[in-house]
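One structure below.
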Amino acid sequence: MLYSFLIAIVQPFLNLINGKAKIYNKENIPDGNYIIVAPHRTWMDPVLIALAIYPKKFSFMAKKELFKNPIAAYFLKKLNAFPVDRKHPGPSAIKKPVQILRKTDLSTIIFPSGSRYSSKLKGGATLIAKLANVPLVPAVYQGPLKFSELFKRYPRHIAFGKPIYIDRKNKLDEESQAKLESEMQQSFDELDHQINPNYKYIMPPKPKDDDF
């Protein structure tokens, strides 16, 4: 209930201060569960992407440090978030989202780079998609990267690519993983170009206290 309640508050608020987001290719989103994969560009993009597809609901991976505060942990769990140790993810980082995708009506959003300070794609999303037997749906966000920029009414753009299906019979070896990563990156590039051919994401400097 908290998820739907916050959506009902956040969406009108964003539309008021920033205008309605422009959504591209929503017809590419399949029925059932799936994994949204996207470049991680702002702390806001999980929320903004989820808003673009509501009433479909999502679970989220969140770094375990966010759960140290009991109040924050309570709200994160109510919003279908679960903790992940980014430095030492362990089996639960795969098992938990696979269970959610298989046994609930929640899809999930994963940022394959794992951080806003990296562009290198990692293989967790593809393995989760294969084990859960769901497609990957590429997405990109262009727009304000800081909350304060929303008030300047810089427009929000979100585009969705065609689903990428992974054959469960095929082994996810180094070659097939590289092929899937290349397919994801190509889709990201095409979606960015569709929104704005001149767009270039400027990666922020990595904080000194972020050793991931």
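- Although no hydrogens or angles enter the test, the distance criterion places a donor-acceptor pair under 3.5 Å between the side chain of S176 and the main chain of D173.
- F147 meets the ring-ring contact (aromatic ring centres under 6.0 Å, His included) test with F151; sequence neighbours excluded.
- Under a cut-off of 6.0 angstrom, the local environment of OH in Y199 is crowded, with over 12 non-hydrogen atoms contributed by other residues, nucleotides or ligands.
- By the 4.5 Å heavy-atom criterion applied to side chains, L101 and L106 are not counted as neighbours.
- The CD atom of Q99 lies 11.5 Å from the CG atom of L131; values are rounded to the nearest 0.5 Å.
- Checking D45 against T42 by side-chain atom types alone, no donor-acceptor pair falls below 3.5 Å.
- Using a 4.5 Å cut-off on side-chain heavy atoms (C-beta onward), K22 and P155 make no contact.
- For the atom pair L180 CG and T126 OG1, the distance stands at 6.0 Å (nearest 0.5 Å).
- The line from CG of L14 to CD1 of I9 is 12.0 Å long, rounded to the nearest 0.5 Å.
- Within 6.0 Å of the CD atom in E174, the count of heavy atoms belonging to other residues, nucleotides or ligands does not exceed 12.
- To the nearest 0.5 Å, atom CD1 of residue I109 and atom CD1 of residue I49 are 5.5 Å apart.
- The structure places CZ of R41 at 10.5 Å from CD1 of I202, a figure rounded to the nearest 0.5 Å.
- Taking 4.5 Å as the limit, every side-chain heavy atom of I36 sits out of range of all side-chain heavy atoms of I110.
- Scanning all heavy atoms of the two residues, the minimum distance from I128 to P97 falls at CD1-CG, 3.5 Å.
- Residue L16 is not grouped with residue L51 when hydrophobic side chains (ILVMFWY) are merged at heavy-atom distances under 4.5 angstrom, including chains of intermediate members.
- Listed by chain and number, the residues in a side-chain hydrogen bond (donor to acceptor under 3.5 Å, both in side chains) with T104 amount to none (sequence neighbours excluded).
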Ignoring hydrogens and angles, write down the donor-acceptor pairs under 3.5 Å from the side chains of residues 157-172, residues two or more places apart or on other chains.
residue: H157; atom: ND1; partner: Y24; partner atom: OH; Å: 2.9
residue: D167; atom: OD1; partner: K169; partner atom: N; Å: 2.9
residue: R168; atom: NE; partner: K130; partner atom: O; Å: 3.2

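- The neighbour count for Y154 OH, taken as heavy atoms of other residues, nucleotides or ligands under 6.0 Å away, does not exceed 12.
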Side chains of residues 52-61: which donor-acceptor partners sit under 3.5 Å, not counting sequence neighbours?
residue: Y54; atom: OH; partner: S4; partner atom: OG; Å: 3.4
residue: K56; atom: NZ; partner: N33; partner atom: OD1; Å: 2.7
residue: K56; atom: NZ; partner: D105; partner atom: O; Å: 2.9
residue: K57; atom: NZ; partner: S4; partner atom: OG; Å: 2.9
residue: S59; atom: OG; partner: S107; partner atom: O; Å: 3.4
residue: S59; atom: OG; partner: T108; partner atom: OG1; Å: 3.2

Compile the donor-acceptor pairs under 3.5 Å between side chains in residues 137-145 and protein atoms, sequence neighbours left out, one pair per line.
residue: Y141; atom: OH; partner: P144; partner atom: O; Å: 2.7
residue: Q142; atom: NE2; partner: D192; partner atom: O; Å: 3.1
residue: Q142; atom: NE2; partner: D192; partner atom: OD1; Å: 2.9

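- Applying the side-chain contact (heavy atoms from CB on, under 4.5 Å) criterion to I71, with sequence neighbours excluded, gives N69, F75.
- Alongside L76, the hydrophobic cluster contains L66, F67 (criterion: ILVMFWY side chains under 4.5 Å).
- Every side-chain hydrogen bond (donor to acceptor under 3.5 Å, both in side chains) that N25 has, sequence neighbours left out, goes to Q194.
- Pairs engaging residues 137-158 under the salt bridge (charged side-chain N to carboxylate O under 4.0 Å, His left out) rule: none recorded [sequence neighbours left out].
- For Q186, the side-chain hydrogen bond (donor to acceptor under 3.5 Å, both in side chains) test picks out E190, with sequence neighbours left out.
- Distance check: I35 CD1 to L136 CG gives 5.5 Å after rounding to the nearest 0.5 Å.
- Residues passing the side-chain hydrogen bond (donor to acceptor under 3.5 Å, both in side chains) test with D189 are Q185, sequence neighbours excluded.
- Between F13 and N18 the shortest side-chain heavy-atom distance does not fall below 4.5 Å.
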